[in-house]
Amino acid sequence: MGIVLISGLFCLKYVGRYSHMAIYIALIYCIILMIIALGSRFLPNSLTGIRMRYAMLVLYMLGMIFLIYKVSVETLNVDRWSVIYSFWDTALHGDLPYTAKSHMGNAPGPFPFYFLLMYPFYLIREIAWLSLGCILLLSNRLVRDLANDKFKAAALILVLSSVAILWEVITRSTIFINATICLLFVNYVYKKGMYQITTLMGIGLLGGFLLSTRALILIPFIVFFSNKFLKNFQLKSAFIFGSSILAGFILTFLPLLLWDFDLLLRYNPITLQSGFTSLPVFAGICLCALLSGYYFKAERQLHIASGVLLFLIVMIYISE
């Protein structure tokens with residue numbers, strides 16, 4: 001149901017830029033998605049087989065590739081792609097990259113590992129390929145986890161029908177990329193038995209790198225990892241794992257600190273991201289995440305808690 005709500009809100013927001021009928025269009029769109037979600041058991045077998053799912057994915061990818069090259073991103077009122085390009089243009093010019101400005105005058109907001117992750121796609125000048133790869137990864141994840149072919153087909157149709165994902169790809173936004181990578185990581189760690197210190201440290205360092213993309217990733221990290229470690233009173237493992245995450249996060253800033261320490265104090269993503277919400281609000285959300293991880297039992301409940309808390313912090317930001 002979350003994808004229905006998010007897609008509906010996206011539809012309302014962006015269709016509203018072009019039509020006063022946005023609320024009606026968004027409502028109809030949500031109803032269609034709800035019918036797909038609730039009526040999945042009534043889907044004909046011809047639409048639920050593995051061949052049909054592959055066919056839907058192939059056609060979707062071909063359509064997205066067409067739109068990527070047909071729609072000029074410069075004509076859209078977004079600058080996520082420009083933030084990445086300006087960051088690396090500035091860095092390769094020899095200046096501290098956090099002093100860069102996008103074509104819309106915005107400074108780089110994400111943390112350092114985010115830009116390192118985007119560097120190969122900066123070189124080929126097309127970020128959308130990573131978004132398409134994440135759609136394939138998410139689709140595979142959904143299909144693998146669901147119980148039967150009809151649920152798998154319905155989930156795939158919902159993902160491929162999402163205007164939010166469509167907008168993400170066309171505008172070369174990266175929120176969907178971040179969310180997908182975070183989802184795959186927390187599920188891997190949550191299900192993996194980690195008893196050796198070297199395993200805890202290695203995966204913790206990787207988690208620190210991923211945390212060094214956007215601050216909001218901390219929310220699902222707290223929900224899932226508090227459930228995995230603290231609920232079972234694995235305090236030593238929790239300390240090693242948490243310390244490794246912190247170490248990995250700090251390591252991504254080390255090159256920038258050596259680059260120009262004084263200038264980084266003035267131009268840095270921590271200062272910029274802190275402007276999205278107040279520290280007490282963010283701390284309160286983190287506390288709720290901790291309590292959710294400790295209280296809930298089922299993995300499905302942890303996913304719902306993470307989604308609700310992320311949605312809540314975005315809504316608080318919008319209303320402030």
Side-chain angles (χ1 to χ4, degrees), residues 1-7 9 37 134 137-148 151-152 154-156 158-159 162 164-165 175-195 199-200 202-246 248-249 277 281-317:
M1 304 309 290
I3 194 169
V4 176
L5 175 61
I6 292 171
S7 296
L9 290 174
C134 286
L137 288 173
L138 179 62
S139 300
N140 177 69
R141 166 77 190 181
L142 289 172
V143 167
R144 186 181 61 189
D145 287 355
L146 293 174
N148 59 59
F151 287 158
K152 292 175 181 180
L156 185 60
L158 286 174
V159 169
S162 172
I165 294 176
I175 297 175
F176 172 70
I177 294 171
N178 254 153
T180 302
I181 294 174
C182 175
L183 171 68
L184 296 175
F185 178 76
V186 296
N187 276 276
Y188 172 78
V189 175
Y190 183 73
K191 294 179 178 180
K192 182 178 177 61
M194 295 188 296
Y195 306 103
T199 302
L200 284 168
I203 298 180
L205 283 171
L206 178 57
F209 295 158
L210 294 182
L211 183 59
S212 182
T213 52
R214 284 188 171 90
L216 289 181
I217 284 183
L218 184 61
I219 304 303
F221 273 24
I222 294 175
V223 171
F224 276 85
F225 301 152
S226 63
N227 182 273
K228 182 176 180 65
F229 295 111
L230 298 182
K231 191 165 187 174
N232 298 317
F233 297 100
Q234 301 177 31
L235 300 182
K236 180 180 177 181
S237 296
F239 177 77
I240 294 172
F241 187 70
S243 299
S244 300
I245 288 180
L246 180 61
F249 180 79
T277 189
V281 169
F282 190 72
I285 294 292
C286 289
L287 178 59
C288 290
L290 183 66
L291 294 175
S292 298
Y294 186 81
Y295 177 76
F296 292 123
K297 297 180 180 180
E299 181 182 355
R300 179 175 176 273
Q301 293 175 316
L302 301 179
H303 283 293
I304 293 174
S306 298
V308 169
L309 291 174
L310 288 171
F311 184 80
L312 179 61
I313 200 169
V314 172
M315 292 303 295
I316 292 173
Y317 163 66

Just verifying a value: how many Å separate [X] [atom1] and [Y] [atom2], rounded to the nearest 0.5 Å?
X: Arg300; Y: Ile304; atom1: CZ; atom2: CD1; answer: 4.0 Å
X: Asn140; Y: Leu156; atom1: CG; atom2: CG; answer: 10.5 Å
X: Leu210; Y: Leu206; atom1: CG; atom2: CG; answer: 5.0 Å
X: Asn227; Y: Leu302; atom1: CG; atom2: CG; answer: 4.5 Å

Run the side chain to side chain contact (heavy atoms under 4.5 Å, CB included) test against [X] and tell me which residues pass, sequence neighbours left out.
X: Phe239; result: Ser243
X: Cys286; result: Leu218, Ile219, Ile222, Phe282
X: Leu246; result: Ile250
X: Leu230; result: Ser226, Leu235, Ala238, Leu290

Point to revise | Those residues that, when tested against Ser212, pass side-chain hydrogen bond (donor to acceptor under 3.5 Å, both in side chains) (two or more places apart) | key: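 With sequence neighbours excluded, Ser212 shows a side-chain hydrogen bond (donor to acceptor under 3.5 Å, both in side chains) to Thr252, given in chain and number order.
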Point to revise | Contacts of type side-chain hydrogen bond (donor to acceptor under 3.5 Å, both in side chains), residue Ser162, not counting sequence neighbours | key: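 By the side-chain hydrogen bond (donor to acceptor under 3.5 Å, both in side chains) rule, Ser162 matches Ser7.
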Exercise for review: With sequence neighbours excluded, tell me which residues meet ring pair (Phe, Tyr, Trp, His ring centres under 6.0 Å) with Phe296.
Suggested key: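 Here no residue qualifies.
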Check your understanding: How would you list, by chain and number, every residue that makes a ring pair (Phe, Tyr, Trp, His ring centres under 6.0 Å) with Tyr190, sequence neighbours excluded?
Key ->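 With neighbours one apart ignored, the set is Phe224.
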**Study point:** Within the 6.0 Å centroid threshold, strictly below: Phe209 and Phe249
**Key:**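 Judged by ring-centre distance (under 6.0 Å), Phe209 and Phe249 do not meet the cut-off.
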Check your understanding: Where do Leu309 and Cys288 come nearest, in terms of heavy atoms and distance?
Key ->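 Shortest heavy-atom contact: CD2-CB, 3.8 Å.
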**Study point:** Considering all heavy atoms, the nearest Ser139-Val159 contact
**Key:**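 Closest heavy-atom pair between Ser139 and Val159: OG-CG1, 4.5 Å.
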Review point. Does a side-chain heavy-atom distance below 4.5 Å link Glu299 with Asn187?
Key: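 Glu299 vs Asn187: side chains touch.
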Check your understanding: salt bridge (charged side-chain N to carboxylate O under 4.0 Å, His left out) with Lys192: which residues, sequence neighbours excluded?
Key ->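 Not a single residue meets the salt bridge (charged side-chain N to carboxylate O under 4.0 Å, His left out) criterion with Lys192.
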Exercise for review: May I ask you to check whether over 12 heavy atoms, not counting those of Lys297, lie within 6.0 Å of atom NZ?
Suggested key: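 No, the 6.0 Å shell around NZ holds no more than 12 heavy atoms from other groups.
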Point to revise | Audit row: Ser244, Leu200, side chain to side chain contact (heavy atoms under 4.5 Å, CB included) steps and yes/no | key: CA-CA 8 Å; Ser244 300; Leu200 284 168; 5.8 Å; no
In a table with atom names and distances, give each donor-acceptor pair under 3.5 Å that connects a side chain of residues 177-184 to protein atoms at least two apart or in another chain.
| unit_1 | atom_1 | unit_2 | atom_2 | d |
| --- | --- | --- | --- | --- |
| Asn178 | OD1 | Arg214 | NH1 | 2.3 |
| Asn178 | ND2 | Thr213 | OG1 | 3.2 |
| Thr180 | OG1 | Phe176 | O | 2.9 |

Review point. Which of parallel (below 30°), tilted (30 to 60°) and perpendicular (above 60°) describes Phe225 and Phe241?
Key: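 Rings of Phe225 and Phe241: perpendicular, as their planes differ by over 60°.
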Point to revise | Pairs touching residues 304-313 that satisfy salt bridge (Lys or Arg N to Asp or Glu O under 4.0 Å), sequence neighbours left out | key: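 Output for this query is empty, none listed.
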